[in-house]
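What follows is a set of notes on a single structure, which appears directly below.
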Number of protein chains: 2
Amino acid sequence: MDAADVAVVKVASAIGEPARASMLYALLDGRARTSTELAMLAEVSPSTASVHLDRLKGERLVTVVAQGKHRYYSLNGPRVAYVLEGLSVLAGARPTEFTPSTPDALVTARSCYDHMAGHLAVRLHDHFRAMKWLSSHATHRGMNYEVTPAGASALTRLGIDVAGARSRRRQFARACLDWSERRPHIGGALGAAILDAALKKKWVTRELDSRALRVTVIGRSELRSRFGIESTA
Amino acid sequence: MDAADVAVVKVASAIGEPARASMLYALLDGRARTSTELAMLAEVSPSTASVHLDRLKGERLVTVVAQGKHRYYSLNGPRVAYVLEGLSVLAGARPTEFTPSTPDALVTARSCYDHMAGHLAVRLHDHFRAMKWLSSHATHRGMNYEVTPAGASALTRLGIDVAGARSRRRQFARACLDWSERRPHIGGALGAAILDAALKKKWVTRELDSRALRVTVIGRSELRSRFGIESTA
DNA sequence: TCCATAGTTTGATGATAATCAAAGTATGCC
DNA sequence: GGCATACTTTGATTATCATCAAACTATGGA
């Protein structure tokens, strides 16, 4: 086994332990969490959690920021999120696809690192494309989107900070393949702006300690009237 | 930890053990291998290899086909290959980027499950696109390619079985993001046909027990004269 | 300065997993 | 039928890893 494989084994075995996996998947919603919170989520003692987090940090799966006595842990970038999603698909388990069967909840909506993923995200993507608010162009990195003039005004009227997304030093908008839906949703800065707007307008809310997003009553109404997207129960 | 995470832990920990990882990465070149071969590659005894392979089979990472007394193991589809490549990237190791520094070897060429990946594959992709032998169209699954009429005759003249690729019950041609190059190469049935043709014409040969492909003297000459692709030493 | 809180380090304990040799099973060939 | 080969199963051994409580360190507030 060469040196490269040794590194892979360390990364895979770091993920392949129940407590550490719990913590990693808990961070998949893109939010930072303290070590004490992660200990509780993983159902281990703070000392156990501390050792595990040190291991994850050593393998560059998480980053930590200290603020006073608190230590805030986050996933170390979208590539980690990508592999975790891939492992979920490989395991045959859908990452948090089922939301509680209340009439307001969309069957599948979740935050994928910093943007929306799931059924709702795919439907929004399809709608924006159908309305020709996005144009696509192939690049060496996959398919990217640009916002058309009509799309710019429509999305801005929806409260989506298109200009702010454009000014960020990151990819503006790209097709992000949705592992659970097997179809694209919108990633990049625009994808993050869309999630921000949906949260601000309270069309969706975050589930506590979960990547799932819950579609609110208001959200359901707005999504139906604006986009023709029905939530199914 | 919910049931989904338990499944993920089993998959990740199955990968995260040196002997099993060796066997998985040995299979990443898309060829089937016997359990005895894999035992040798992983430097464990046949009995140890047998138990490990049983574990990998249990987690659906490999499939096995018995032919007489031989057991041939393969990766269980491109999705497994995809996650293994993703783990390699995450681990910071490049999958077999360096070939021995003989003057004939291209720096980066390897087989990725059933098609060619690496620098050469990316250059071929770029050339075929530049010659407009491929047209692209975005689908809900990413970017796909179609062969133009000019491309069909040119590729067929190159010995690439375009018609055979088209008749297969799988995706004809798609942009497959090359993890090491970060640019697309050609996947799908056409990608496999291209690798087949390159092997048949002896432009490339397989390295023994490796995913690396070696560009032959003939291959280097043909690639330069036909496509303007130089191999660098 | 003292106390509470957050988090880390240490040492002991128990569980789990990988390893192999030996024995066993199945297949193929003569 | 007998022998060789490929592979599996079993039991014993060893190493590794996760766990926690206790002690310790760092930070923040009164």
Side-chain angles (χ1 to χ4, degrees), chain A residues 1 5-27 31-59 61-74 76 209, chain B residues 1-2 5-27 31-74 76 209:
Chain A
M1 162 172 276
D5 290 338
V6 169
V8 162
V9 165
K10 280 174 159 278
V11 169
S13 61
I15 299 172
E17 197 284 326
R20 290 196 294 271
S22 287
M23 295 190 266
L24 286 172
Y25 281 91
L27 294 173
R31 286 181 280 187
R33 281 191 159 83
T34 65
S35 59
T36 304
E37 286 178 312
L38 291 170
M40 291 167 60
L41 281 165
E43 298 179 340
V44 295
S45 75
S47 53
T48 301
S50 185
V51 174
H52 282 319
L53 285 164
D54 193 60
R55 170 73 188 276
L56 294 174
K57 185 156 66 84
E59 300 306 329
L61 293 168
V62 298
T63 57
V64 59
V65 170
Q67 283 187 1
K69 61 193 179 184
H70 291 288
R71 302 276 180 274
Y72 287 94
Y73 289 87
S74 308
N76 190 13
D209 292 333
Chain B
M1 161 171 280
D2 54 37
D5 291 339
V6 169
V8 161
V9 164
K10 280 174 158 280
V11 169
S13 61
I15 300 172
E17 197 284 326
R20 292 196 291 273
S22 287
M23 293 190 268
L24 287 171
Y25 281 89
L27 294 173
R31 287 180 279 185
R33 281 189 160 84
T34 66
S35 59
T36 305
E37 285 179 313
L38 291 169
M40 290 167 61
L41 280 165
E43 297 177 341
V44 294
S45 75
S47 54
T48 300
S50 183
V51 175
H52 281 321
L53 285 165
D54 193 60
R55 171 71 187 276
L56 293 175
K57 185 156 66 80
E59 300 306 328
R60 295 181 171 73
L61 293 169
V62 299
T63 58
V64 60
V65 170
Q67 284 188 0
K69 61 193 178 185
H70 292 287
R71 301 277 179 274
Y72 287 94
Y73 289 84
S74 309
N76 189 15
D209 291 334

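Note that the structure is predicted; figures quoted are calculated from it, not measured. Quick note on labels: first sequence line is chain A, next is B, and so on, each numbered from 1.
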[atom1] of [X] versus [atom2] of [N]: gap in Å, rounded?
X	N	atom1	atom2	answer
B:Leu38	D:dT8	CG	P	11 Å
A:His70	D:dT25	NE2	P	21 Å
A:His52	D:dT16	NE2	P	18 Å
A:Asp54	C:dT10	CG	P	11 Å
A:Leu53	D:dA18	CG	P	13 Å
B:Arg33	D:dC7	CZ	P	14 Å
B:Met23	D:dC7	CE	C1'	14 Å
A:Arg71	C:dT5	CZ	P	18 Å

Is a donor on one side and an acceptor on the other found under 3.5 Å between the side chain of [X] and the backbone of [Y]?
X	Y	value
A:Glu37	A:Thr34	yes
A:Ser45	A:Thr48	yes
B:Arg71	B:Val65	no
A:Glu59	A:Leu61	no

Looking at [options], which one has an atom nearest to any side-chain atom of [X]?
X	options	value
A:Lys69	C:dT19, D:dC7, D:dG28	D:dG28
A:Val44	C:dT8, D:dT19, C:dA18	D:dT19
B:Ser47	C:dA18, C:dC20, C:dA6	C:dC20
A:Glu17	D:dA18, D:dC7, C:dC20	D:dA18
A:Ala19	D:dT19, C:dT8, D:dT8	D:dT19

Give a yes/no answer on whether the side chain of [X] brings an N or O atom under 4.0 Å of OP1 or OP2 in [N].
X	N	value
B:Arg20	C:dA18	yes
B:Thr48	C:dC20	yes
B:Ser35	D:dC7	yes

Problem - Side-chain donor-acceptor contact under 3.5 Å, B:Arg20 with B:Ser13 - result: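 Note: B:Arg20 and B:Ser13 side chains miss the donor-acceptor criterion.
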Exercise for the section: Would you mind classifying the nucleic acid contact of A:Tyr73 as base, sugar-phosphate or nothing, using non-hydrogen atoms under 4.0 angstrom? Expected result: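 Sugar-phosphate, backbone atoms only, no base.
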Handout entry: Whichever of B:Pro46 and A:Ser13 has its nearest DNA chain D nucleotide further upstream toward 5'
Key =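 It is B:Pro46, whose closest nucleotide lies nearer the 5' terminus.
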